[in-house]
Amino acid sequence: QVHLAESGGGLVQAGGSLRLSCAASGLSIRTYAMHWFRQAPGKERERVAAINWSGGSTYYADSVKGRFTISRDNANNTVYLQMNSLKPEDTAVYYCALDPSPVLRTPQIRYWGQGTQVIVSS
C-alpha cells in the first residue's frame, strides 16, 4: 500500500521559515515526479511546486517563486519543501503528491498525502 506522510507544518510568524517533509512508503519514488499542493480556506487547491524524477527540473507557482524550494532525496524516499519569507497568504494545508507522468506541466496525481497545516501569522 502506498502512503505519503507529510510533516513539518506548524505556526510561524510572517518572515519566518518552515521545512515540510513528505516520506513515502510502499513504493520507491525514484521514477516519479513529486508535487506540493496547498489549499487555503475559501480557495481552490493550488499547486505550488513540483520536481521531476531526477531533481533536474522544477516548477514553482508565481506566488512562491524565489521563496520556496522543492528538493528530493530518492535514497531516503523523501521530498522536501523549504519555505522561506513566509507570508500570511501562505497559510494553508499543504499536501504532497506522487505523479507517474514525466511531464511536470501536466500533473496527473496518483497518490496524495494526508496534508500538514501551515499557519503564518502577521
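In this chain, numbering begins with 1 at the start of the sequence shown. Note that these values count all heavy atoms, side chains included, but never hydrogens, waters or copies made by symmetry.
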Taking the side chain as C-beta and beyond, is there a heavy-atom pair between Tyr80 and Arg19 under 4.5 Å? yes
With no hydrogens and no angle check, is any side-chain donor or acceptor of Arg72 less than 3.5 Å from a backbone partner on Ile29? yes
Contact between Asn52 and Val103 at the side-chain level, heavy atoms closer than 4.5 Å - yes or no? no
Ring centres of Phe37 and Trp112 under 6.0 Å apart? yes
Take Asp90 and Arg67, measure what side chain to side chain contact (heavy atoms under 4.5 Å, CB included) needs, and give me the verdict at the end. CA-CA 11 Å; Asp90 295 319; Arg67 300 187 297 118; 2.7 Å; yes
Drop me the distance from Tyr60's OH to Thr58's OG1, to the nearest 0.5 angstrom. 4.5 Å
Are there over 12 heavy-atom neighbours, none belonging to Tyr94, within less than 6.0 Å of that residue's OH? yes
Is a side-chain N or O of Asp99 found less than 3.5 angstrom from the main chain of Ala33, in a donor-acceptor match? no
To the nearest 0.5 Å, tell me how far Met83 CE sits from Arg38 CZ. 9.0 Å
Determine, stepwise, if the pair Leu18 / Val118 fulfils side chain to side chain contact (heavy atoms under 4.5 Å, CB included). CA-CA 9 Å; Leu18 207 60; Val118 172; 3.9 Å; yes
Going through the checks in order, is the side chain to side chain contact (heavy atoms under 4.5 Å, CB included) test met by Val79 and Cys96? CA-CA 8 Å; Val79 178; Cys96 72; 5.8 Å; no
Report yes if the side chains of Leu11 and Val120 come closer than 4.5 Å at any heavy-atom pair, otherwise no. no
Distance, nearest 0.5 Å, that separates CE of Met34 from SG of Cys22: 4.5 Å
Measure across Leu4 and Gln114 and return the closest heavy-atom pair with its distance rounded to 0.1 Å. O-OE1, 3.0 Å
Taking the side chain as C-beta and beyond, is there a heavy-atom pair between Ile70 and Phe68 under 4.5 Å? no
Taking all non-hydrogen atoms of both residues into account, name the closest pair between His35 and Ile109 and its distance. CD2-CD1, 3.7 Å
Could you check whether Ser63 and Glu46, counting side-chain N and O atoms only, form a donor-acceptor pair closer than 3.5 Å? yes
Within the 4.5 Å heavy-atom criterion, are Tyr95 and Glu6 side-chain neighbours or not? yes
What distance separates Ser122 OG from Gln13 CD, expressed to the nearest 0.5 Å? 9.5 Å
Beyond-backbone contact of Tyr59 with Arg47, side-chain heavy atoms, under 4.5 angstrom: yes
Mark yes when over 12 heavy atoms from residues, nucleotides or ligands other than Gln117 sit less than 6.0 Å from its CD; otherwise mark no. yes
Taken to the nearest 0.5 Å, the spacing of Leu104 CG from Trp53 CH2 works out to 12.0 Å
Would you tell me whether Thr78 and Asp73 have side-chain atoms, one donor and one acceptor, within less than 3.5 Å of each other? no
Is there a side-chain contact between Val93 and Thr116 (heavy atoms, below 4.5 Å)? no
Begin with the C-alpha distance, continue with both residues' side-chain angles, and end with the deciding distance and a verdict on side chain to side chain contact (heavy atoms under 4.5 Å, CB included) for Ser17 and Gln82. CA-CA 8 Å; Ser17 297; Gln82 178 67 45; 4.0 Å; yes
Rounded distance [0.5 Å steps], CD1 in Ile51 versus OG in Ser57: 9.0 Å
Given side chains that start at C-beta, do those of Ser28 and Asn77 come closer than 4.5 Å, heavy atoms only? yes
